[in-house]
Amino acid sequence: MPNKVDFNKDYPSIKKSDEYYKVALDLIPAQTQTLAKGTGQNIKGVAPKYLKRGKGSHVWDVDGNEYIDYTMGVGPLSLGYAYDKVDKAIKEQLKDGITFSLTHPLEVEVAELIHQVVPNAESIRYSKGGADVVSGAVRLSRAYTGRKKVLCCGYHGWHDWYISVTDRNKGIPQEIQDMTFTFNYNDIQSVIDSIDTDTACVVLEPYVFEEPKDNFLQKLRDVCTKNGTLLIFDEMWTGFRIAVGGAQEYFGVNADLACFSKAVANGMPISILTGKKEIMKLLEKDVFFFNTFGGEALSLAAVIATVKEIKDKNVPAYLAKQGKKLKDGYNQIAKELEMPYTKCIGYECRSLMTFDASAGNPLEMKSLVQQEMIKRGILWGGFHNMSFSHSDKDVEYTLKAYKDVLPILKKAVSEKNVRGYLKGEPVEPVFRKVSNFNTKPKKK
Ligand SMILES: Cc1ncc(COP(=O)(O)O)c(C=O)c1O
C-alpha cells in the first residue's frame with residue numbers, strides 16, 4: 001500500500017521512481033530540467049524522484065505515495081495544484097486555441113491588469129522563463145545607458161551574462177565573464193566599491209531570506225540614480241507573494257525595471273518584464289526581444305485568473321499567516337527541545353530551515369529531517385514555499401510531524417552520528433546559495 005500523509009510505519013516505496021530514473025540516467029543529462037528538482041536536493045533511497053499528480057497542497061508520486069508539498073513546483077504554485085479557477089480559465093481558452101498567427105487580445109488584457117497592480121509597470125512585455133526577462137532587462141539597461149557592466153546579487157537563471165559569475169561557467173567566452181560582477185546583499189559599500197561609469201545596471205532579488213537592513217534597498221536606489229545606473233528587481237520569488245505588487249510595493253522602493261515569473265500564473269510558463277516607459281520603449285525597435293511563444297494564450301489566461309484571485313483573496317496575507325504559524329512553530333519546537341543549531345528564517349511567505357555547522361554536517365542534518373518528514377508524508381526540501389492551498393489542517397499536521405522528527409535529529413546530533421541515521425546519500429549543497437553568493441566581487 002502506498003504511504004499517506006500520516007505517521008507511516010515505513011519509508012515510501014519508490015520502485016517506479018527508480019525505474020524512470022534508471023532510464024533517465026542514460027537519456028537525460030542531469031536527469032532534470034530544473035536543478036532544484038533533481039536528485040541532488042533529495043536524499044537518495046528515500047525521496048521520491050517523480051511526481052505525477054497534485055491537488056491543492058498535496059502531491060502524489062509515481063508509486064502512489066501522497067505528500068503535503070512545501071516546494072510547490074519551486075515557486076509557481078502560488079494558489080495550489082489544479083486550482084479550479086485557473087484550470088477553468090485555461091480550459092476555456094484551450095477551446096479557442098493556444099498560439100495564433102496574430103496578436104491575441106489577452107496580451108492587452110494582461111498588460112492592463114499588470115499595469116494596475118505592479119508599481120512602475122508603465123510598459124509590459126512577456127516571455128516564457130525567468131531568465132528571459134532578466135536578460136531582456138539587462139540588455140535594455142545596456143542599450144539605455146550605453147554601458148556594459150552589470151552588478152548582481154542572487155540567482156538570475158542560466159544565461160551567459162549571469163551564470164558566468166558562478167563556477168558553472170564553461171562555454172561562456174571570457175569577454176562576457178569580464179562584464180558581470182557581484183556584490184553582497186545588505187552591504188551598500190560593496191556596491192559603491194564596484195559601481196563605475198561603465199555600470200549599466202544593478203540587478204538583484206529584493207530579498208532572498210535576509211531582510212533588507214538599514215534602508216539597503218533605498219540606498220541602492222539612490223546610488224544607482226546618482227551613478228546613472230538602472231536598478232532592476234528580479235521578482236521571481238517576491239512577485240505576487242510578498243505583496244500583490246511585489247517588492248516595489250512592499251518596500252516602497254522604485255525599480256527602473258522589474259521581472260516576474262513563477263507565482264504569476266500558478267504553474268503555467270510565462271514571465272513578465274515591466275518598467276518605465278522611457279526605457280521600455282527601446283523594445284519598439286532598437287532592442288530585440290521577440291519569440292514565438294511570448295503571446296501564448298493559455299498562460300495569459302492563467303495570469304488573469306491567478307492575479308485576480310491573488311488580489312481578490314489577498315493571497316499574500318494568507319501566505320504570511322500560514323507561513324508564520326510554521327516558522328514560529330518550528331522555532332518554538334526547536335527551542336523547547338534545546339536545539340539552537342536549527343532555525344526557520346526568512347519572510348513568512350517563504351521560509352528556510354537552517355542547520356548550524358557547530359552541531360554537525362548541515363547537509364546531513366537537513367537530509368535526516370527530510371528523510372523523516374518524507375516518511376510522515378511531507379515532501380520537504382528545507383523550505384516552506386507557501387501556497388493559498390496550505391490549509392490549517394496541513395499546517396497543524398506539519399507541526400505535529402516536526403514534533404516527532406526534531407527529537408530524532410537531536411538524538412542523532414547528541415550521539416554525533418547523524419550520518420548513521422541516514423538511509424541513503426545525503427543531499428548536496430544548493431547551487432543557488434542564499435548568502436555570500438559573491439563569487440566575483442569588484443572589478444580589479
Ligand atoms: C530569482 C530568480 N531569477 C531568475 C530565475 C530563472 O528563472 P527560470 O528558471 O524560469 O529561467 C529564477 C529561477 O529559479 C530565480 O529564482
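Worth knowing before you read on, the calculation uses all heavy atoms, side chains too, and leaves out hydrogens, waters and symmetry mates. Whatever order the structure lists ligands and atoms in, that order sets their numbers, starting from 1.
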Atoms in ligand 1 with a heavy atom of A131 nearer than 4.0 Å: 6 (C), 7 (O), 8 (P), 11 (O)
For E205, the ligand 1 atoms whose distance to one of its heavy atoms is below 4.0 Å: 1 (C)
Geometric N/O contact S261 with ligand 1, under 3.5 angstrom: no
Contact check: K262 vs ligand 1, nitrogen or oxygen atoms, below 3.5 angstrom: yes
Polar proximity ligand 1 side, G130 side, N/O cut 3.5 Å exclusive: yes
Partner residues of E425 under the salt bridge (charged side-chain N to carboxylate O under 4.0 Å, His left out) criterion, sequence neighbours left out: R419
D214 bridged to K219 by N-O distance under 4.0 Å: yes
Polar proximity ligand 1 side, H156 side, N/O cut 3.5 Å exclusive: no
Ligand 1 N/O within reach of W237 N/O, cut-off under 3.5 Å: yes
Test: K281 and E278 ion pair at under 4.0 Å: no
Y21 ring center near Y50 ring center (under 6.0 Å): no
Cation over ring face, K149 and F181, 6.0 Å, 45°: yes
Distance filter under 4.0 Å to D234 heavy atoms, resulting ligand 1 atoms: 1 (C), 2 (C), 3 (N), 4 (C)
Between CG on residue L220 and CD1 on residue I195, distance to nearest 0.5 Å: 7.5 Å
